[in-house]
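First up is the structure itself, then whatever we jot down about it.
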Amino acid sequence: MPAPFRTRRMVEFSDTDMAGIMHFSAFFRFMESAEHALLRSLGLSVFGINDPDGGDAKISFPRVSARCDFHSPARCEDEVDIDVVVQKLGTTSVTYGFHLSRNGEELAVGEMTSVCCRLHDGAKPQPIPIPADIVALLRRYAQ
Ligand SMILES: CC(C)(COP(=O)(O)OP(=O)(O)OC[C@H]1O[C@@H](n2cnc3c(N)ncnc32)[C@H](O)[C@@H]1OP(=O)(O)O)[C@@H](O)C(=O)NCCC(=O)NCCSC(=O)c1cc(O)c2ccccc2c1O
């Protein structure tokens with residue numbers, strides 16, 4: 001099984017709440033930035049993937065689902081390891097799995113699903129099959 005993509009991020013003061021622990025919304029930001037780092041590591045960008053059919057439209061990956069289970073609190077200046085895997089590659093969708101830990105201790109487990117869409121100005125995104133070259137890259141982290 002391929003190793004997950006791993007990145008690390010420190011918990012900032014602004015990530016915490018009045019109880020001194022990382023706020024639940026910050027876990028979603030950590031997962032999102034880890035996904036973006038995975039995409040960059042594959043030579044992809046969150047901005048402006050060109051339409052494989054040509055034309056001016058851009059390809060984007062809006063999220064249709066995001067969830068997280070919180071197992072142990074993180075605190076300001078903790079270093080959090082974020083492991084990302086591709087849990088499912090569908091026709092138009094990709095589901096990432098996230099495991100957040102501190103020195104090997106599990107903090108949270110999450111999941112996000114994005115859908116490959118063609119964007120037209122002002123119109124609802126149109127789901128399209130994930131381009132084959134992007135599928136091939138994402139398979140490196142497929143479980
Ligand atoms: C995105 C939509 C246009 C999809 O339209 P629709 O729902 O009609 O599509 P389908 O029913 O055909 O489903 C497509 C595909 O998704 C799977 N799926 C659908 N719902 C779920 C679910 N709840 N959980 C898991 N999977 C689901 C379904 O099985 C299909 O998969 P296949 O692989 O079988 O094809 C429409 O839903 C829409 O417009 N939704 C609103 C999107 C939105 O506003 N999201 C919130 C903001 S997006 C965002 O925050 C964001 C963050 C980033 O970090 C980005 C990074 C890079 C690019 C973009 C980003 C971004 O937009």
Side-chain angles (χ1 to χ4, degrees), residues 1-19 21-102 105-143:
M1 198 177 289
F5 174 81
R6 173 167 281 200
T7 185
R8 179 175 278 194
R9 182 164 164 173
M10 194 187 77
V11 180
E12 303 282 352
F13 184 75
S14 58
D15 294 320
T16 62
D17 62 16
M18 282 188 73
I21 60 176
M22 182 153 130
H23 192 254
F24 80 93
S25 62
F27 283 85
F28 287 91
R29 288 195 296 276
F30 275 41
M31 291 194 287
E32 181 179 36
S33 67
E35 177 203 325
H36 294 177
L38 177 151
L39 294 174
R40 280 193 299 275
S41 80
L42 296 173
L44 299 169
S45 165
V46 291
F47 303 112
I49 298 171
N50 290 323
D51 190 333
D53 290 347
D56 292 338
K58 289 288 180 197
I59 300 300
S60 190
F61 283 82
R63 277 94 246 274
V64 288
S65 174
R67 63 182 294 270
C68 190
D69 296 325
F70 311 99
H71 295 299
S72 195
R75 294 190 167 76
C76 189
E77 296 192 339
D78 280 354
E79 296 282 350
V80 177
D81 290 317
I82 309 150
D83 289 330
V84 192
V85 295
V86 173
Q87 272 180 355
K88 185 178 166 217
L89 267 169
T91 305
T92 66
S93 69
V94 51
T95 300
Y96 298 95
F98 301 87
H99 184 266
L100 287 80
S101 60
R102 177 193 49 222
E105 180 195 4
E106 182 172 276
L107 301 174
V109 177
E111 200 176 273
M112 281 198 209
T113 301
S114 309
V115 177
C116 183
C117 288
R118 182 176 284 127
L119 299 183
H120 297 284
D121 279 349
K124 186 176 174 181
Q126 172 198 2
I128 60 166
I130 305 172
D133 54 339
I134 296 181
V135 169
L137 290 168
L138 292 173
R139 278 200 203 288
R140 288 188 203 170
Y141 293 109
Q143 296 293 286

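None of the values given here were measured: they were computed from a predicted structure. Numbering starts at 1 and runs along the sequence shown. Just follow the structure's listing: the first ligand is 1, and inside any ligand the first atom is 1.
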Any protein heavy atom nearer than 4.0 Å to atom 31 (O) of ligand 1: yes
Which of the ligand 1 atoms, numbered from 1, are nearer than 4.0 Å to a heavy atom of Glu32: 52 (C), 53 (C), 54 (O)
Asp17 side chain to Ala19 backbone, donor-acceptor under 3.5 Å: yes
Heavy-atom nearest neighbour in the protein, as seen from atom 8 (O) of ligand 1, with distance rounded to 0.1 Å: Lys124 NZ, 4.4 Å
Heavy atom of protein closer than 4.0 angstrom to atom 16 (O) of ligand 1: yes
Heavy-atom nearest neighbour of atom 34 (O) of ligand 1 within options Thr91, Ile130, Leu39: Thr91
Distance from atom 20 (N) of ligand 1 to nearest protein heavy atom, with residue and atom: Val64 CG2, 3.8 Å
Evaluation steps, side-chain contact (heavy atoms from CB on, under 4.5 Å), between Arg75 and Thr16: CA-CA 7 Å; Arg75 294 190 167 76; Thr16 62; 6.0 Å; no
Protein residue, atom and distance nearest to atom 24 (N) of ligand 1, heavy-atom basis: Ser65 CB, 3.5 Å
Selected option - heavy-atom contact closest to atom 58 (C) of ligand 1, from Ser114, Ser60, Cys117: Ser60
Atom 26 (N) of ligand 1 [closest protein heavy-atom partner, distance rounded to 0.1 Å]: Thr113 CG2, 3.6 Å
Distance from atom 3 (C) of ligand 1 to nearest protein heavy atom, with residue and atom: Pro125 O, 3.2 Å
Arg63, portion touching ligand 1 at heavy-atom distance under 4.0 Å: both
Nitrogen or oxygen of Gln126 less than 3.5 angstrom from that of ligand 1: no
Verify atom 47 (C) of ligand 1: protein non-hydrogen atom under 4.0 angstrom away: no
Gly90 neighbourhood, listing ligand 1 atoms whose heavy-atom distance to it stays under 4.0 Å: 33 (O)
Atom 37 (O) of ligand 1 protein-contacted (non-hydrogen atom, under 4.0 angstrom): yes
Minimum non-hydrogen distance to atom 5 (O) of ligand 1, winning option of Pro129, Ser33, Pro127: Pro127
Close approach of His36 to ligand 1, heavy atoms, under 4.0 angstrom: yes
pair Val84-Met31: side-chain heavy atoms closer than 4.5 Å: no
Part of Ser93 with heavy atoms under 4.0 Å of ligand 1, whether side chain, backbone, both or neither: both
Heavy atom of protein inside 4.0 Å of atom 28 (C) of ligand 1, strictly below: no
Carboxylate-amine/guanidinium proximity below 4.0 Å for Arg63 and Glu35: yes
Atom 60 (C) of ligand 1: any protein heavy atom closer than 4.0 Å: yes
Whether Phe98 and Tyr96 hold their rings parallel, tilted or perpendicular, with breakpoints at 30° and 60°: tilted
Within-cut-off N or O pair, Thr92 and ligand 1, under 3.5 Å: yes
Short side-chain to backbone donor-acceptor contact, Arg140 and Pro2, under 3.5 Å: no
Non-hydrogen protein atom less than 4.0 angstrom from atom 11 (O) of ligand 1: no
Subset of ligand 1 atoms that lie under 4.0 Å from at least one heavy atom of Phe61: 58 (C), 59 (C), 60 (C), 61 (C)
Atoms in ligand 1 flagged as close to Val46, the criterion being non-hydrogen separation under 4.0 Å: 56 (C), 57 (C), 58 (C)
Note: Glu32-Arg29 ion pair, threshold 4.0 Å (strictly below): no
Neighbour count >12 (heavy atoms, 6.0 Å) for atom CG, Asp121: no
Protein residue, atom and distance nearest to atom 62 (O) of ligand 1, heavy-atom basis: Pro62 CA, 3.4 Å
Ile82 side chain near Val80 side chain, heavy-atom distance below 4.5 Å: yes
Protein heavy atom under 4.0 Å of atom 54 (O) of ligand 1: yes
